[in-house]
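Data block below; observations after.
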2 protein chains.
Amino acid sequence: MTTPMLTKNQSLVFDVLTKAEAPLSAYTILDKLRDQGFRAPLQVYRALDKLLEYGVVHRLESINSFVACAHPNEDCHSHGLVAFAICESCGQVIEFHDHEVDHRLTDWLKSQKFKAEKSTIEIRGHCANCAA
Amino acid sequence: MTTPMLTKNQSLVFDVLTKAEAPLSAYTILDKLRDQGFRAPLQVYRALDKLLEYGVVHRLESINSFVACAHPNEDCHSHGLVAFAICESCGQVIEFHDHEVDHRLTDWLKSQKFKAEKSTIEIRGHCANCAA
DNA sequence: GCAATTGATGTAATAACATAACATATCCGT
DNA sequence: ACGGATATGTTATGTTATTACATCAATTGC
Ligand SMILES: [Zn+2]
Ligand SMILES: [Zn+2]
Ligand SMILES: [Zn+2]
Ligand SMILES: [Zn+2]
């Protein structure tokens with residue numbers, strides 16, 4: 001899918017996420033945008049819904065947070081699973097793809113006749129810097 | 001880890017999960033246990049914490065719910081990742097392990113010097129029965 | 001036995017995350 | 001201009017999870 005022009009609110013939310021060094025919760029985004037006129041959670045959630053739909057933002061289920069896609073110009077998203085390594089110390093997220101894992105899971109799902117629609121692979125732990 | 005004797009509250013919560021045909025939210029569990037004297041969310045969350053620690057229950061991050069382990073007597077949990085296929089129609093959950101996926105992810109994490117502590121692999125979609 | 005510690009429980013209040021419902025406004029094709 | 005679709009604003013509410021503090025019960029060390 002080619003990403004359509006972003007609306008005002010979508011741009012504001014996307015900018016905040018792009019500049020952030022770690023995933024942000026919807027309410028953190030809301031707080032960062034109060035000066036730009038944001039007043040209610042829905043303004044954030046609605047923008048996020050679209051950004052997720054366009055694939056330029058990912059939701060990290062295990063920490064109820066959102067992060068800008070690290071590979072915005074690759075087409076991996078369209079044909080592969082995305083995985084995240086999330087550092088619980090510094091918040092840094094490494095987004096990666098692995099076709100081997102992808103194929104393996106896809107095969108298993110097929111063997112079960114399970115029709116996959118959305119997948120989540122998240123590893124929490126400590127990054128190289130924080131593992132010390 | 002060998003599972004210690006469960007306390008009264010832990011047993012009640014575990015029984016509810018074991019009898020359930022789909023994952024349950026903490027508040028759903030609470031409602032099911034009101035007749036047994038449960039009055040507050042914390043009674044459920046505290047029991048769940050222990051059951052998760054013992055590995056007899058899993059938390060499904062993507063749907064904020066809990067499910068009894070489907071392989072209580074296997075030792076896969078101690079040396080491998082667990083994955084879940086979750087049907088969004090009937091709620092059925094298939095829990096599975098795949099050493100190939102496991103090794104592949106582990107290798108990648110090692111290459112990044114990322115110290116993994118907790119992992120989540122959840123596929124949402126439709127099971128064979130519901131895909132129709 | 002008995003204080004001290006530890007683990008489990010009870011209860012109330014609050015925090016954090018997410019959506020429903022309804023009203024306006026803006027954009028766009030005709 | 002009109003009508004439909006999309007985006008936005010606002011209030012209220014629903015859902016999930018934790019903090020704080022009190023009480024109770026079992027265990028340990030003396
Ligand atoms: Zn991405
Ligand atoms: Zn780190
Ligand atoms: Zn299990
Ligand atoms: Zn199903």
Side-chain angles (χ1 to χ4, degrees), chain A residues 1-17 20 22-54 56-67 86 88 91 118 120 122 124, chain B residues 1-17 20 22-54 56-67 86 88 91 118 120 122 124:
Chain A
M1 184 207 325
T2 163
T3 305
M5 204 65 180
L6 298 185
T7 68
K8 178 159 162 278
N9 285 4
Q10 287 160 20
S11 293
L12 287 167
V13 169
F14 185 58
D15 284 354
V16 165
L17 281 176
L24 301 177
S25 76
Y27 278 74
T28 302
I29 296 170
L30 174 57
D31 285 341
K32 287 181 183 293
L33 288 176
R34 294 220 183 258
D35 292 346
Q36 333 292 326
F38 273 46
R39 318 272 329 184
L42 253 197
Q43 295 175 286
V44 177
Y45 282 111
R46 286 202 275 229
L48 285 172
D49 281 347
K50 285 300 181 184
L51 296 171
L52 290 167
E53 182 185 327
Y54 302 153
V56 295
V57 160
H58 297 291
R59 174 189 184 114
L60 301 178
E61 310 272 8
S62 65
I63 57 173
N64 296 318
S65 294
F66 303 84
V67 68
I86 306 166
E88 295 190 311
K118 208 161 181 307
T120 298
E122 298 176 18
R124 270 101 60 228
Chain B
M1 186 207 318
T2 163
T3 305
M5 204 63 181
L6 298 184
T7 67
K8 178 159 161 278
N9 286 4
Q10 288 160 21
S11 293
L12 288 167
V13 169
F14 185 58
D15 283 354
V16 166
L17 282 176
L24 301 177
S25 76
Y27 279 74
T28 302
I29 296 171
L30 174 56
D31 285 341
K32 286 180 182 294
L33 288 175
R34 293 217 185 261
D35 291 345
Q36 332 292 326
F38 273 47
R39 318 274 328 180
L42 211 50
Q43 294 175 286
V44 176
Y45 282 110
R46 285 203 277 230
L48 286 172
D49 281 348
K50 286 298 180 184
L51 296 172
L52 289 168
E53 182 186 326
Y54 303 153
V56 295
V57 161
H58 297 291
R59 173 187 187 118
L60 302 178
E61 311 272 8
S62 65
I63 56 172
N64 296 316
S65 294
F66 304 84
V67 68
I86 306 166
E88 294 189 314
K118 208 161 182 311
T120 298
E122 297 176 19
R124 269 102 60 226

Are B/Asp31 and B/Arg34 within salt-bridge range, i.e. N to O under 4.0 Å?
-> yes
salt_bridge(A/Arg124, A/Glu122) N-O dist < 4.0 Å | no
In whole angstroms, how far is the P atom of D/dA7 from the CG atom of A/Leu48?
-> 14 Å
Give the C-alpha distance, both sets of side-chain angles, the deciding distance and a yes or no for side chain to side chain contact (heavy atoms under 4.5 Å, CB included) between B/Phe66 and B/Val13.
-> CA-CA 10 Å; B/Phe66 304 84; B/Val13 169; over 6 Å; no
Rounded to whole Å, the CG-P distance (A/Leu30 to C/dA15) equals 16 Å
Length of the CG-P vector between B/Asp31 and D/dT15, whole Å | 10 Å
Mind checking side chain to side chain donor-acceptor pair (under 3.5 Å) for A/Ser11 and listing every partner two or more places apart, or none if nothing turns up?
-> none
Reckon B/Gln43 has a side-chain N or O less than 4.0 Å from the OP1 or OP2 of C/dT9?
-> no
Ignoring backbone atoms, test whether B/Thr7 places a side-chain nitrogen or oxygen under 4.0 Å from the OP1 or OP2 oxygen of C/dG7.
-> no
B/Ile29 CD1 - D/dT16 P separation (whole Å) | 11 Å
Give the C-alpha distance, both sets of side-chain angles, the deciding distance and a yes or no for side chain to side chain contact (heavy atoms under 4.5 Å, CB included) between A/Asn9 and A/Phe38.
-> CA-CA 9 Å; A/Asn9 285 4; A/Phe38 273 46; 3.4 Å; yes
With a 4.5 Å limit on heavy-atom distance, are the side chains of B/Leu17 and B/Val56 in contact?
-> no
Closest non-hydrogen atoms of A/Pro23 and A/Ile63, given as atom of the first, atom of the second and distance, are CG-CD1, 3.8 Å
Have a look at the helix from C/dG1-D/dC30 to C/dT30-D/dA1 and give the angle its two end axes make, five pairs each, rounded to 10 degrees.
-> 30°
Starting from P on D/dT8, measure out to CD on A/Gln36 and report it in whole angstrom.
-> 14 Å
Round to the nearest Å and state the distance from A/Arg39 atom CZ to C/dA23 atom C1'.
-> 17 Å
Please tabulate, one pair per line, each protein N/O and nucleotide N/O from nucleotides 16-22 of chain C that are separated by under 3.5 Å, including the distance.
residue	atom	partner	partner atom	Å
C/dA18	OP1	A/Arg59	NH2	2.0
C/dA18	OP2	A/Tyr45	OH	3.0
C/dA18	O5'	A/Tyr45	OH	3.4
C/dA18	N7	A/Tyr27	OH	2.7
C/dA18	N6	A/Tyr27	OH	3.3

List the steps and the verdict of side chain to side chain contact (heavy atoms under 4.5 Å, CB included) for A/Gln43 and A/Gln36.
-> CA-CA 12 Å; A/Gln43 295 175 286; A/Gln36 333 292 326; over 6 Å; no
Does A/Asn64 reach the side chain of A/Arg59, with side-chain heavy atoms less than 4.5 Å apart?
-> yes
Whole-Å distance separating the NZ atom of A/Lys8 from the P atom of C/dA25 | 15 Å
Rounded distance (Å) that lies between atom P of C/dA25 and atom CG of A/Asn9 = 16 Å
